[in-house]
Number of protein chains: 2
Amino acid sequence: MASVAGIVEDNKKIRDLIQRYLDMQDDLSCPVAVDSVEEMIDYLEEHPAPDVILMDIQLPGMSGIKGIGLIKEKYPDIEIIMLTVYHDSHKIFKALRAGASGYLLKHTSLPEIKESILKLLDGGAPMSPQIARKVITHFQDDSAKKNAESDLTPREHDIVNGLVDGLSYKMIADRYDISIDTVRAHIRNIYKKLHVNSKAEVIAKSLKGEI
Amino acid sequence: MASVAGIVEDNKKIRDLIQRYLDMQDDLSCPVAVDSVEEMIDYLEEHPAPDVILMDIQLPGMSGIKGIGLIKEKYPDIEIIMLTVYHDSHKIFKALRAGASGYLLKHTSLPEIKESILKLLDGGAPMSPQIARKVITHFQDDSAKKNAESDLTPREHDIVNGLVDGLSYKMIADRYDISIDTVRAHIRNIYKKLHVNSKAEVIAKSLKGEI
DNA sequence: TCGACAATCACATGATCATGTGAGATCACT
DNA sequence: AGTGATCTCACATGATCATGTGATTGTCGA
């Protein structure tokens with residue numbers, strides 16, 4: 001069954017180009033291409049919802065980012081791909097947080113746009129490589145702050161993993177085929193190294209990436 | 001000028017296949033393909049550094065994630081692409097935080113791997129669509145977690161927060177000025193709702209964003 | 001007004017944990 | 001040969017937790 005796409009883009013040339021291209025595909029149709037979020041919302045109230053909407057950020061009237069929120073709120077099943085010239089981190093993250101499932105730069109070729117739509121509907125998340133790079137860098141900055149190294153031995157790491165999995169001493173002992181007293185001994189040492197004194201704190205530290 | 005790639009992968013078949021494919025490209029060479037991080041580090045000490053290294057996570061000896069850290073520390077200019085079967089969020093984010101610049105699943109085709117290397121060296125960041133999806137979802141969860149539905153009542157959330165802070169029942173009772181038996185009662189209900197039966201599991205769920 | 005649910009508290013018991021003390025085995029490095 | 005780190009195991013005790021079985025109060029909506 002052909003999937004249905006919609007477009008919100010204020011540049012008529014680009015809008016028409018994409019719409020015509022998508023609409024001529026066997027596995028896609030594109031019955032709606034408008035130049036503002038407001039028009040798209042009007043359209044959605046009177047027509048069946050498309051599977052995916054390509055959306056610009058810079059638009060007359062409501063911004064595309066605000067539009068994501070509105071549309072996702074009323075029609076959570078519609079997937080939204082941002083298609084824009086902006087590649088600054090601020091706008092990218094705002095769009096993703098608002099609910100966009102993909103983020104393509106405007107120089108993306110028509111066949112790539114088509115591929116992106118299909119990938120998205122197949123459970124993927126299309127991103128231009130430059131965008132992906134920024135997203136990843138963001139991750140790395142996030143955690144490079146707290147680089148608390150902890151010197152746990154391999155065996156101690158095993159034990160920590162057991163704790164994180166919610167296992168009791170006995171279950172950990174069984175998993176690694178050692179005595180429960182050995183588990184106790186390891187945990188004692190782990191507590192000393194991490195300066196904690198409960199399973200809970202170890203699990204918390206581990207899941208916060210501090211181990 | 002042809003770019004230089006290296007491979008760390010313990011499955012000889014896969015390793016050889018990728019190496020031969022990359023090495024036969026005009027714009028790439030792949031002079032080194034080893035089956036452990038340790039060997040790659042030895043290699044790096046005696047040869048010019050490659051531009052990019054493809055790395056598995058599950059390896060004999062040191063894990064690929066630890067390997068990322070070591071290699072990026074000594075050779076920060078080497079780009080690293082994870083190439084693995086793991087698609088659970090935990091491993092993905094750990095790898096990205098450790099310094100990986102791309103993350104591909106192992107079913108990626110040889111031409112796609114090549115494309116990914118070239119894109120990476122061109123400033124992009126290759127990710128399998130499924131991976132990109134998880135990364136994006138992570139963003140969305142981050143900001144909209146207040147609304148994340150969990151049948152827990154406000155008071156029960158308080159108790160969970162206490163647990164996450166590593167408090168004992170008594171300390172939680174003091175913090176909220178209620179009886180320890182009330183804390184017990186709440187925790188009983190929380191366990192029922194979350195289908196768990198230990199503090200550890202509640203903390204894990206909470207920190208994983210599942211509450 | 002009646003039921004559903006949230007929040008509070010109590011008593012009880014067996015399981016699990018935290019901690020102390022001690023010790024043998026292996027391996028690496030000096 | 002000796003030192004140190006790691007991993008292993010044992011015994012013991014008081015603290016904390018998990019779970020069962022109650023009960024009272026207040027709020028909210030049917």
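We name chains A, B, ... by the order of the sequence lines, and we start the count at 1 in each one.
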Open item on the list: C:dC17, OP1 or OP2 - any side-chain N/O from A:Ser198 closer than 4.0 Å?
Closed with: no
TODO: Rounded to 10°, tell me the angle between the two end axes of the helix from C:dT1-D:dA30 to C:dT30-D:dA1, each built from five pairs.
DONE: 50°
Task: Test side-chain contact (heavy atoms from CB on, under 4.5 Å) applied to B:Gln19 and B:Ser29, B:Pro31, B:Cys30, the passing residue - done: B:Cys30
Task: Length of the line joining B:Tyr169:OH and C:dT16:P, which is rounded to integer Å - done: 14 Å
Open item on the list: Nearest whole Å is fine: how far is C:dA7 P from B:Asp158 CG?
Closed with: 9 Å
Open item on the list: What is the separation between atom OH on B:Tyr191 and atom P on D:dG20, rounded to the nearest whole Å?
Closed with: 13 Å
- [ ] Identify, residue by residue, the members of residues 177-187 of chain A with a heavy atom below 4.0 Å from DNA chain C, and return them in order of residue number, or none.
- [x] A:Arg184
- [ ] Mind checking the CG-OG spacing from A:Leu163 to A:Ser206? Nearest 0.5 Å is all I need.
- [x] 9.0 Å
Open item on the list: Without decimals, in angstroms, what is the distance between B:Ile159 CD1 and C:dC9 C1'?
Closed with: 13 Å
Open item on the list: Using 0.5 Å steps for rounding, measure from the OG1 atom of B:Thr182 to the CZ atom of B:Arg155.
Closed with: 9.0 Å
TODO: Could you tell me the separation between the CZ atom of B:Arg155 and the C1' atom of D:dT25, rounded to a whole number of Å?
DONE: 15 Å
- [ ] Using the salt bridge (Lys or Arg N to Asp or Glu O under 4.0 Å) rule, collect all pairs that involve residues 173-186 of chain B, keeping only residues at least two apart or in two chains.
- [x] B:Asp165-B:Arg175, B:Lys170-B:Asp174, B:Asp181-B:Arg184
Task: Atom pair distance, as rounded to whole Å: CG in B:Asp174 and P in C:dC9 - done: 12 Å
Open item on the list: Give me the atom names and distance for the closest heavy-atom approach of A:Leu44 to A:Pro50.
Closed with: CD2-CD, 3.5 Å
TODO: Find the distance A:Lys192:NZ to C:dA18:P and express it as a whole number of Å.
DONE: 13 Å
Open item on the list: For a side chain to side chain contact (heavy atoms under 4.5 Å, CB included) check, start with the C-alpha distance between B:Ile53 and B:Glu79, then their side-chain angles and the critical distance, and finish with the verdict.
Closed with: CA-CA 6 Å; B:Ile53 292 176; B:Glu79 301 280 7; over 6 Å; no
Open item on the list: Measuring to OP1 and OP2 of D:dT6, would you say a side-chain N or O of A:Asn189 lies under 4.0 angstrom away?
Closed with: no
Task: B:Ile190 CD1 to D:dC17 P, straight-line distance once rounded to whole Å - done: 13 Å
TODO: Looking only at non-hydrogen atoms, find the nearest pair between A:Glu156 and A:Ile190 and report the distance.
DONE: O-CD1, 3.6 Å
